[in-house]
Amino acid sequence: MAIDVRRHKKKVLNQKPSINLVPFIDILFTIMIFLVVTSNFSATDVQADDSDVVDDATGKPNVTDISGDQEYYVVPVANLHKVTVNGQDHSDSIAGSAVGVQAQVMDNGQIKIKPGEIEIITPPGVSPDNAVQRPEL
């Protein structure tokens, strides 16, 4: 009993692949119905938070306009390890990756926040020793 390989090879080569799209369409519609049923299409009013107000000239937040009259404001920075005021190191004022900065320095001074570091230049009349304070946590 011999097997006719040539005839079987011709039969296999002449077959055209067919893709059945019915299961694909069924699954696609099922997913689409699920998404429509579980979605929430109600419109909501979103109001701007007052803490997002930024002074366009300096890029600093208007802390005194929003928070009231405070003497020091807490400035948190992730992994804060160095604070310099007018070139002097004040890293001992860091508590919990944050430092307290005097309000007058926030409004009139220059604050550069870098990853893990804050550089402060005080305005005239503000002592570097009074510019930052260790925040009470």
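Position 1 is the first residue of the sequence; numbering continues from there.
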Hydrophobic cluster identity match, Leu80 and Ile121, side-chain contacts under 4.5 Å: no
Same hydrophobic cluster for Phe34 and Ile27, using side-chain heavy-atom links shorter than 4.5 Å among ILVMFWY? yes
State, yes or no, whether a side-chain contact exists between [X] and [Y] at a heavy-atom distance under 4.5 Å.
| X | Y | answer |
| --- | --- | --- |
| Val83 | Ser93 | no |
| Ile120 | Asn86 | no |
| Val105 | Pro123 | yes |
| Val99 | Arg134 | no |

Could you tell me the separation between the [atom1] atom of [X] and the [atom2] atom of [Y], rounded to the nearest 0.5 Å?
| X | Y | atom1 | atom2 | result |
| --- | --- | --- | --- | --- |
| Asn108 | Gln102 | CG | CD | 10.0 Å |
| Gln104 | Thr122 | CD | OG1 | 9.0 Å |
| Asn20 | Ile25 | CG | CD1 | 9.0 Å |
| Ile33 | Phe29 | CD1 | CZ | 8.0 Å |

Donor-acceptor pair, distance only, cut-off 3.5 Å: does the side chain of His81 make one with the backbone of Gly116? yes
Taking only distance into account, with no hydrogens and no angle test, what donor-acceptor pairs under 3.5 Å do side-chain atoms of residues 8-19 form with protein atoms, sequence neighbours excluded?
| residue | atom | partner | partner atom | Å |
| --- | --- | --- | --- | --- |
| Asn14 | ND2 | Lys10 | O | 3.1 |

Of all heavy-atom pairs between Lys82 and Ile94, which one has the smallest distance, and what is that distance? N-CD1, 3.7 Å
Is it true that Thr84 and Asp89 share a donor-acceptor pair across their side chains at a distance under 3.5 Å? no
Please evaluate residues Lys112 and Ile118 with respect to the criterion side-chain contact (heavy atoms from CB on, under 4.5 Å), reporting the C-alpha separation (whole Å), side-chain torsions for both, the decisive distance (0.1 Å), and the verdict. CA-CA 6 Å; Lys112 294 179 185 177; Ile118 297 177; over 6 Å; no
Applying salt bridge (Lys or Arg N to Asp or Glu O under 4.0 Å), name anything that partners Glu119, two or more places apart in sequence or on another chain. Lys114
